[in-house]
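To start, the structure itself, in structure tokens.
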Amino acid sequence: MSALRRGAPALGLDTLVRLRRAQGEPARTPRRLAVPDGMTAPLGCDAVAAPARLGPLVMPRLPLAGCVYADETHWWWLVPADSDHALEWPAPAHYATGALLGDAPRSPALVHRPDGILPYTPPIPLYLTLCRLTGTAPAWSRPVTA
């Protein structure tokens, strides 16, 4: 049963303001990887991040790469929105809905820009490459248990 149903007192505006201030510095608005000028993202944009040590190993294995960003800790590949549907991206890769950078202190540099106007890396080849490099079996090849 919720606290309101049990007759717990409602929090007043003064209490809510005091609690917010007690949390310290206000949360920063997360930054998003930008689609370069002249490119469009008609399918929306998400990103897949991987540790920087994997970036140079991934690139030569991809038949096609879209926009790729990098800094000293991570590389990010732009993929169409919802490219995580029915996929469990292998650790230590991270799927970033909306291409949000999270707590990255600054925006990474664009290290690869494809020809044309679409910024996307095809997600299935990227997924398979990351699975191979991390020693993870693709989700569809794992045994199914009842």
Side-chain angles (χ1 to χ4, degrees), residues 1-5 10-11 13 15-146:
M1 186 178 261
S2 77
L4 291 176
R5 289 184 187 150
L11 297 177
L13 184 58
T15 302
L16 292 172
V17 169
R18 211 171 26 255
L19 288 172
R20 178 67 179 139
R21 286 184 181 151
Q23 289 179 336
E25 186 178 316
R28 291 184 292 169
T29 303
R31 280 177 289 135
R32 182 179 312 275
L33 289 171
V35 174
D37 290 338
M39 299 189 100
T40 62
L43 302 175
C45 237
D46 289 344
V48 176
R53 66 181 168 76
L54 294 178
L57 302 173
V58 170
M59 290 300 287
R61 289 174 166 86
L62 293 175
L64 180 67
C67 290
V68 181
Y69 299 83
D71 64 18
E72 51 280 341
T73 60
H74 291 90
W75 284 42
W76 290 266
W77 288 263
L78 290 184
V79 294
D82 299 324
S83 292
D84 62 336
H85 181 74
L87 288 180
E88 198 175 303
W89 288 83
H94 170 73
Y95 190 85
T97 302
L100 294 174
L101 293 173
D103 291 336
R106 57 190 162 97
S107 295
L110 180 66
V111 296
H112 182 267
R113 179 185 172 138
D115 295 332
I117 62 168
L118 297 176
Y120 305 123
T121 294
I124 298 300
L126 177 59
Y127 173 78
L128 291 171
T129 299
L130 287 169
C131 283
R132 174 165 268 227
L133 291 173
T134 61
T136 305
W140 54 79
S141 67
R142 294 182 199 144
V144 177
T145 58

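With values rounded to the nearest 0.5 angstrom, L62 atom CG is found 4.5 Å from T129 atom OG1. Distance check, rounded to the nearest 0.5 Å: OG1 of T97 to CZ of R32 gives 10.0 Å. A distance of 11.0 Å separates CG of L128 from CG of L133, quoted to the nearest 0.5 Å. A distance of 9.5 Å separates CG of L54 from CZ of R61, quoted to the nearest 0.5 Å.
Within the 4.5 Å cutoff, the side chain of L101 has heavy atoms near those of the S107 side chain. Looking at L43 and D82, their side chains never come closer than 4.5 Å, going by heavy atoms from C-beta outward. Inter-residue side-chain proximity for P108 and L33 is flagged as met; some heavy-atom pair is nearer than 4.5 Å. Looking at R113 and M39, their side chains come closer than 4.5 Å, going by heavy atoms from C-beta outward. At a threshold of 4.5 Å between non-hydrogen side-chain atoms, the residues T40 and V35 do not count as touching. A heavy-atom distance below 4.5 Å is found between the side chains of P56 and W75. Considering only heavy atoms from C-beta on, L64 stays 4.5 Å or farther from Y120 through its side chain. No side-chain heavy atom of V111 sits less than 4.5 Å from a side-chain heavy atom of M59.
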Checklist entry - When you look at Y95 and L87, which way does the side-chain contact (heavy atoms from CB on, under 4.5 Å) test go after all the steps? => result CA-CA 10 Å; Y95 190 85; L87 288 180; over 6 Å; no
Item to check | Verdict with supporting geometry, C67 and L78, side-chain contact (heavy atoms from CB on, under 4.5 Å) | outcome: CA-CA 6 Å; C67 290; L78 290 184; 3.8 Å; yes
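Relative ring orientation between Y127 and W89 is described as perpendicular, the plane-to-plane angle rising above 60° on a 0-90° scale split at 30° and 60°.
Annotation for R106 and R31: closest pair C-NH1, 2.9 Å, computed over non-hydrogen atoms. Shown here for I117 and G38, the closest heavy-atom pair between the two residues is CG2-O, 3.6 Å. The minimum heavy-atom distance linking P80 with T121 is given by the pair CD-O, 4.0 Å. Closest approach of A47 to V79, counting heavy atoms only: N-CG2, 4.1 Å.
H112 places no side-chain N or O within 3.5 Å of a backbone atom of Y69 that could act as its donor or acceptor partner.
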